[in-house]
Amino acid sequence: MVCFKGVRWASLVVASVLPWTTQAIDNLRVQISVADNILKGHIDGRVVLMFAPNGTDPLDDTDVTSTPNKMFGKNVFEFGVKDIVTLSGGSPNNTATGVSGFPLISMDEVPAGTYRVQAFLNPYDKVKRNDGSEIHLKFPCGDGALNVDGVGSLTTPAVDLEVHGGRQTIKLTFDSVAPAEAFVGKEIGGCSQGNYADTAQLKYVKIKSKKLSQFWGRDMYVGANILLPAGYDAADKHTRYPVLYDQNHWTGGEGAYGYSYNAAFATAWDKGVIPGTNGTKDRPAPKLIIVAFRHEAPYYDDSYGVNTANLGPYGDAINDELIPYIDEKFNTIAQPYARIQDGGSTGGWVSAASLIFRPDLFGACFSSYPDSMDFHRHQDIPLYTNKNAYQKANGDRIGSIRVFQNDTEVVLATTEQENHWELVFGTSSRSSLQWDVWNAVFGIQGLNGYPLEPWDKVTGEIYPEAVEFWKEMDLSNYIASNWDNTKNLGEVLRGRIYIYVGTHDNYYLNEGVAEFEKNVNGLGGPNWANVTITPGQTHGGNYQRRQTWDYLELVSNWIQDHSPEGKTPLSKKSTKSSSRGNKFEDVIRVGGHAAALKRQQSPALSYKEKVKCGSTITATAGRWDPGVALQAQWVVNGHPSGASFAVKQGGLVRYASTTKGKRFELKLRVTGTKRNYKDETRESNSVLVGKK
Ligand SMILES: *[C@@H]1O[C@H](CO)[C@@H](O)[C@H](O)[C@H]1NC(C)=O
Ligand SMILES: *[C@@H]1O[C@H](CO)[C@@H](O)[C@H](O)[C@H]1NC(C)=O
Ligand SMILES: *[C@@H]1O[C@H](CO)[C@@H](O)[C@H](O)[C@H]1NC(C)=O
Ligand SMILES: *[C@@H]1O[C@H](CO)[C@@H](O)[C@H](O)[C@H]1NC(C)=O
Ligand SMILES: *[C@@H]1O[C@H](CO)[C@@H](O)[C@H](O)[C@H]1NC(C)=O
């Protein structure tokens, strides 16, 4: 745990520019110290340094598509009051100096000019999860997991500085800590313990999740914003309402509806009357309870609402702890037909996954422009077949963010740019940004406890062995794999999945939806899942771009139709508990720390009874996590023999014994290195070669 004093702007430490005095290879260096009243003890964390255009606030725009700032990041370990962190240089693979830059690679490329310069230190807590993995992570504090200036971040003053373009050292001092109050409004109690003030229509709940707290070894909370319909009477337990679970990003903040909030909607909602337009009459609003979850998590502003080896049992925390709590407190209809999931983008995936993994709990999902529904296209990356996440086979760069101008696609950021931009904010998938949280949610734990990344974030090289583990979170693959087994998803989910996306989706999410449709409707027939792909439409808006009320009436009609009195009641068969998936015990068995240890193997010499002089001895390099580079060394009678050499994972190593005479002992020593992994040396069994 980290202890700060909540001092903000306690002392104004003005940065100074010194001429270069000592010999060095790097031109521009930034040295950052910390004022003594800021920090108690030592912390690990991520330093982010920004050179913003003169006259602008460095935090105004840190986006990958505009990048007005030159940004650089570096990890610190055991950083304390007496320490100075120096940032300089920067290499494409950030191995040399630990500095990752965007859009420039090295600090030496910062052009001469006047900048507003500011640095932040995003502190990590050291945690040991109950599966045995130990990592350093930022835990959000009611602020939606901000990745630079969140609660507890150390900050230097923003100062105007001249970069000369020659040798120069800039000195900065962390002199303030972002206080909790600035981010949580009136959230009582700050970090995770509190809540916002209720209004007549809007209630806030929060619970300490037993399962999450057990996993993380610290108190973990999940909350919800609950929007009650007009006329709701808490005391009237007979009048009960269906629930729309609206999945979204972080929906914190005093008065946050978490749902299509605008003044006109709020007024109409509170009255329970949809105002008529152009001669149509006013009509009653659908009677629903709308629930938006607050589940900021380590890794992102939203946990993706499922059980994962990296984030823990968020699916269980929401579905088996928070929803029952809500059902107890409010007059809900706690039946699958009356529980609808919806959302867009991240929320699109979360709503679809919630239904697909828990058909026993929810009735249907109306999922708009969802994150990758089928990893044959992860955004636009053909994840199962491509060798690289950043370029196509023909060398073209793969786009990540696009707009259309007169029907012509304009790429605003490539997958490479966006991934490298994320590297400024964190290594080991800790940037709290999009590609990183996908690594955390869709993937399993690596041996180092962090997400086992599906590709090298620097080069884009895809690791098929890591991607293999993503298949359980590939919703299309998951459905197909459980089509007619005990889960029986082919029957269970028929007619319950509604998906909408536009062909001009700004994040290429239409590609994954098209793959999903091809796969599941290929199995189940054209209307097995109701998929709408609208030509020319971009990312955003309600399901099928409907007006809000029109959409809510659609949902309400689905519920009526599928109620026990409706035209097409939801059958008990399709909500059996055997249809449930994504069980945490399975997730952690395949993807947790014990599984990571079990995956590893030492190098091994193939051992034959009579190894003679002149025979060839083969060895395997062992099994290591994908991306670990291996250097091997033969060891004879306990001493290195010959030069070390590189070996490939899965490759065979041969030793041709030519030594005559004495018997000797042979083994293979292999050292594995990977960015953000500890170097590790493993030795094979030894064999005795030669005559007795
Ligand atoms: C930098 O911005 C300030 C105002 O924010 C202005 O006074 C100053 O002239 C600018 N400097 C340069 C070099 O543009
Ligand atoms: C990292 O980049 C540097 C500079 O481009 C290069 O010399 C070095 O070989 C690279 N290392 C790895 C492991 O790719
Ligand atoms: C109402 O009528 C006006 C004028 O005919 C039209 O522009 C507008 O789109 C209509 N609004 C709705 C909600 O139908
Ligand atoms: C789009 O087309 C219109 C009409 O041809 C033209 O005036 C406009 O400049 C075009 N916009 C872009 C961004 O190309
Ligand atoms: C798909 O769902 C929409 C919205 O409920 C509906 O309008 C449409 O008719 C459905 N399509 C099919 C083929 O059932």
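Ligands are counted one by one from 1 in listed order, and the atoms in each one are counted from 1 as well. Note that the structure is predicted; figures quoted are calculated from it, not measured. Scope of the values below: all heavy atoms of this structure, side chains included, with no hydrogens, waters or symmetry mates.
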Any idea which atoms of ligand 5 are less than 4.0 Å away from a heavy-atom of [X]?
{"X": "Tyr498", "result": "2 (O), 5 (O)"}
{"X": "Gln544", "result": "3 (C), 4 (C)"}
{"X": "Arg546", "result": "4 (C), 7 (O)"}
{"X": "Leu554", "result": "4 (C), 5 (O)"}

Discussion item. Below 30° counts as parallel, above 60° as perpendicular, anything between as tilted: where do the rings of Phe442 and Trp438 land?
Written reply: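 Phe442 and Trp438: parallel rings.
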
Discussion item. In terms of relative ring orientation, are Trp483 and Trp528 parallel, tilted or perpendicular, with 30° and 60° separating the classes?
Written reply: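 Geometry flag for Trp528 against Trp483: tilted rings.
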
Discussion item. Strictly less than 4.0 Å: does any protein heavy-atom distance to atom 2 (O) of ligand 1 fall in that range?
Written reply: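 Yes, there is one.
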
Worksheet item: Protein heavy atoms: any of them under 4.0 Å from atom 7 (O) of ligand 1?
Response: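 Neighbour list for atom 7 (O) of ligand 1 is empty of protein heavy atoms (cut-off 4.0 Å).
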
Discussion item. Check Asp327 with Arg339, please: is the shortest side-chain N to carboxylate O separation under 4.0 Å?
Written reply: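 Yes.
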
Worksheet entry | Presence of salt bridge, Arg116 and Asp160, under 4.0 angstrom |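 Salt bridge flag = yes for Arg116 with Asp160.
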
May I ask you to check whether over 12 heavy atoms, not counting those of [X], lie within 6.0 Å of atom [atom1]?
{"X": "Glu109", "atom1": "CD", "answer": "yes"}
{"X": "Gln434", "atom1": "CD", "answer": "yes"}
{"X": "Lys471", "atom1": "NZ", "answer": "yes"}

Fill in: Test log, rule side-chain hydrogen bond (donor to acceptor under 3.5 Å, both in side chains), inputs Tyr337 and Asp561
CA-CA 9 Å; Tyr337 82 87; Asp561 287 350; over 6 Å; no

Worksheet item: Which protein non-hydrogen atom lies closest to atom 13 (C) of ligand 5, naming both residue and atom, and how far is it?
Response: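 Closest protein heavy atom to atom 13 (C) of ligand 5: Asn527 OD1, 3.1 Å.
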
Discussion item. Students should be able to answer this: which protein heavy-atom is nearest to atom 12 (C) of ligand 1, and at what distance?
Written reply: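 Of every protein heavy atom, Asn54 ND2, 3.1 Å lies nearest to atom 12 (C) of ligand 1.
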
Worksheet item: Taking N or O atoms only and a 3.5 Å limit, does Thr114 qualify as a polar contact for ligand 1?
Response: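 Between Thr114 and ligand 1 (N or O atoms, distance only) the closest approach is not under 3.5 Å.
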
Worksheet item: Hey, which atoms in ligand 1 end up nearer than 4.0 Å to a heavy atom of Gly55?
Response: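 Counting from 1, the qualifying ligand atoms are 5 (O).
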
Discussion item. What I want to know is whether Asn530 and ligand 5 share at least one N or O pair that is separated by under 3.5 angstrom.
Written reply: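 Yes, there is a polar N/O contact under 3.5 Å.
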
Fill in: Residue part near ligand 5, for Trp558, under 4.0 Å between non-hydrogen atoms
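The answer is neither; Trp558 stays 4.0 Å or more away.
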
